[in-house]
Amino acid sequence: EHFAMQAKMWDKLACVRSIVSVNEHSDTMVMTGYPDRDNRIANHPSFGSVMSKLSKSSNDIPPSISLRGMSRGCEPGFLGVAHRAFTPDGPGLENLRLRGEQAKLSERKDLLTQFDTVRREIDTGSTMKGMDAFSGRAFDMISSGNVRKALDITKEEPRSLDRYRGIEQFLRARRLIEAGVGCVTLQYGGWDTHGANFKTLKNQLPALDRGIASIIQDLHDRGMEDDVVTVCWGEFGRTPKINNSDGGGRDHWSPCMGAMVAGGGMKMGQAIGTSSARGEYPKDRPYKVPHLLSTIYQAM
């Protein structure tokens with residue numbers, strides 16, 4: 001009842017209702033396909049970092065941007081820091097932000113080059129080379145201004161701003177995709193509802209519904225529905241049984257969760273897999289997180 005807008009456009013969406021995950025508070029599983037405990041050893045890259053590695057985009061458009069900052073699972077892993085996601089206020093950007101005329105930017109670049117020469121004598125490994133590539137792209141981004149323009153939602157028409165009021169991250173994501181960014185990650189709300197589950201969801205779900213419906217409709221209106229894959233999920237589901245906390249809560253539940261997928265030329269308007277009557281376990285077609293990631297990689 002709180003996802004009414006998505007219900008009206010289900011021909012543009014699909015869901016998987018029988019995903020088996022792992023019980024860990026981390027983005028590692030859904031961003032890399034490997035649980036956090038394994039990833040700390042193998043250092044697998046995130047989805048966005050893989051897109052960066054395979055990207056052929058111009059220097060001033062970053063292949064991967066995170067609107068949520070860095071977190072476990074979103075790192076570049078063994079691909080190196082050159083393929084880490086850019087964040088609007090993240091490493092490599094805050095200290096390089098354009099302040100004043102273009103000449104000052106050139107001076108800043110010369111100063112950084114001098115400083116890097118000293119560091120290079122100390123560290124001649126791949127990390128230093130990665131930082132060179134990361135910093136170089138940051139300069140190109142600031143000089144061109146394309147990403148900065150995309151993040152500036154004041155350029156959007158009033159009617160569009162009204163649709164995204166309170167959920168501006170979705171609008172920024174859409175504008176970044178239009179600008180040519182290969183992978184954008186964002187987050188909305190807090191879903192760890194060990195208490196007051198129903199009160200929290202009553203407030204948060206309609207806003208999430210509006211965000212998903214708005215960005216999907218915009219992609220269709222712009223003819224981009226087959227070029228973009230949109231995925232909405234978390235790290236695990238919630239317990240089918242309500243706990244005894246104040247207001248009634250639901251705890252972690254990895255044996256069964258769902259995911260919403262849209263676009264990418266895939267068949268929409270379908271629900272894949274079912275859970276048991278109480279939503280405890282997959283009843284048929286059980287899938288693990290890497291299965292869905294594999295499908296998304298294939299679509300991309």
Side-chain angles (χ1 to χ4, degrees), residues 2-14 27 30-31 46-48 51-52 55 57-58 60-71 74 85-90 93-94 97-98 138 141-142 144-191 201 203-234 259-264 268 296 300:
H2 299 313
F3 273 176
M5 296 181 73
Q6 290 174 74
K8 292 178 180 178
M9 61 188 304
W10 197 254
D11 60 311
K12 300 178 176 65
L13 308 171
D27 297 325
V30 295
M31 292 299 287
S46 69
F47 188 92
M51 291 295 100
S52 173
S55 173
S57 64
S58 59
D60 63 329
I61 301 295
S64 177
I65 285 184
S66 174
L67 296 176
R68 51 174 308 196
M70 297 298 287
S71 61
C74 294
F86 283 92
T87 61
D89 294 307
L93 287 181
E94 182 62 28
R97 196 177 299 278
L98 188 58
M141 285 171 53
I142 295 168
S144 71
N146 288 331
V147 173
R148 204 167 61 239
K149 291 173 185 175
L151 289 168
D152 184 6
I153 61 175
T154 61
K155 307 297 183 182
E156 199 76 12
E157 61 180 27
R159 184 179 297 181
S160 183
L161 285 172
D162 188 58
R163 283 192 297 119
Y164 285 97
R165 194 175 306 280
I167 49 169
E168 285 79 9
Q169 277 209 76
F170 290 89
L171 178 56
R172 291 189 178 94
R174 191 214 77 202
R175 289 174 61 86
L176 287 168
I177 291 167
E178 285 185 285
V181 177
C183 180
V184 180
T185 60
L186 62 91
Q187 67 178 3
Y188 175 79
W191 308 96
L201 297 189
N203 292 328
Q204 288 188 172
L205 288 178
L208 177 62
D209 183 40
R210 184 160 51 92
I212 293 172
S214 296
I215 195 171
I216 297 300
Q217 188 60 56
D218 281 358
L219 291 172
H220 276 263
D221 291 345
R222 287 157 173 77
M224 301 172 66
E225 68 274 13
D226 290 338
D227 302 318
V228 180
V229 177
T230 305
V231 188
C232 179
W233 57 354
M260 187 223 75
V261 185
M268 295 293 103
I296 300 167
M300 293 303 295

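Side chains of D27 and R68 form a contact here, defined as non-hydrogen atoms less than 4.5 Å apart. Counting only heavy atoms from C-beta outward, the side chains of M51 and P63 never approach each other to under 4.5 Å. Between R174 and S160, the closest side-chain pair of non-hydrogen atoms falls below 4.5 Å.
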Solution key, residues 219-233 side-chain donor-acceptor pairs under 3.5 Å, sequence neighbours excluded:
residue : atom : partner : partner atom : Å
D221    : OD1  : Q217    : NE2          : 3.0
R222    : NE   : E178    : OE2          : 2.8
R222    : NH1  : D218    : O            : 3.4

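Contact record, L13 with A262: CD2-CB, 3.8 Å, taken as the closest heavy-atom pair. Closest of all the heavy-atom pairs between M268 and G263 is SD-N, 3.5 Å. Residues D152 and R175 come closest through the heavy atom pair O-NH2, 3.2 Å.
For residues 204-215, the side chain to side chain donor-acceptor pair (under 3.5 Å) pairs, not counting sequence neighbours, are Q6-D209.
When the side-chain contact (heavy atoms from CB on, under 4.5 Å) test is applied to A173, the partners found at least two apart in sequence or on another chain are L67, V184, L186, I215. Taking L161 as the reference, I153, E156, L171 meet the side-chain contact (heavy atoms from CB on, under 4.5 Å) condition, with sequence neighbours excluded. Y164 meets the ring pair (Phe, Tyr, Trp, His ring centres under 6.0 Å) test with no other residue; sequence neighbours excluded. Residues passing the side-chain contact (heavy atoms from CB on, under 4.5 Å) test with A207, sequence neighbours excluded: I167, Y188.
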Worksheet entry | Candidate pair L205 and W191, rule side chain to side chain contact (heavy atoms under 4.5 Å, CB included), full reasoning | CA-CA 10 Å; L205 288 178; W191 308 96; 3.7 Å; yes
Discussion item. Apply side chain to side chain donor-acceptor pair (under 3.5 Å) to residues S66 and T87 and explain how you reach the verdict.
Written reply: CA-CA 5 Å; S66 174; T87 61; over 6 Å; no
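Note that OG1 of T185 and CD of Q169 are 9.0 Å apart. Values are rounded to the nearest 0.5 Å. Taken from CG in L176 to OG in S64, the straight-line distance is 10.5 Å, to the nearest 0.5 Å.
Residues D162 and R159 are not paired through a salt bridge, judged by the lack of any N-O separation under 4.0 Å between the basic side chain and the carboxylate.
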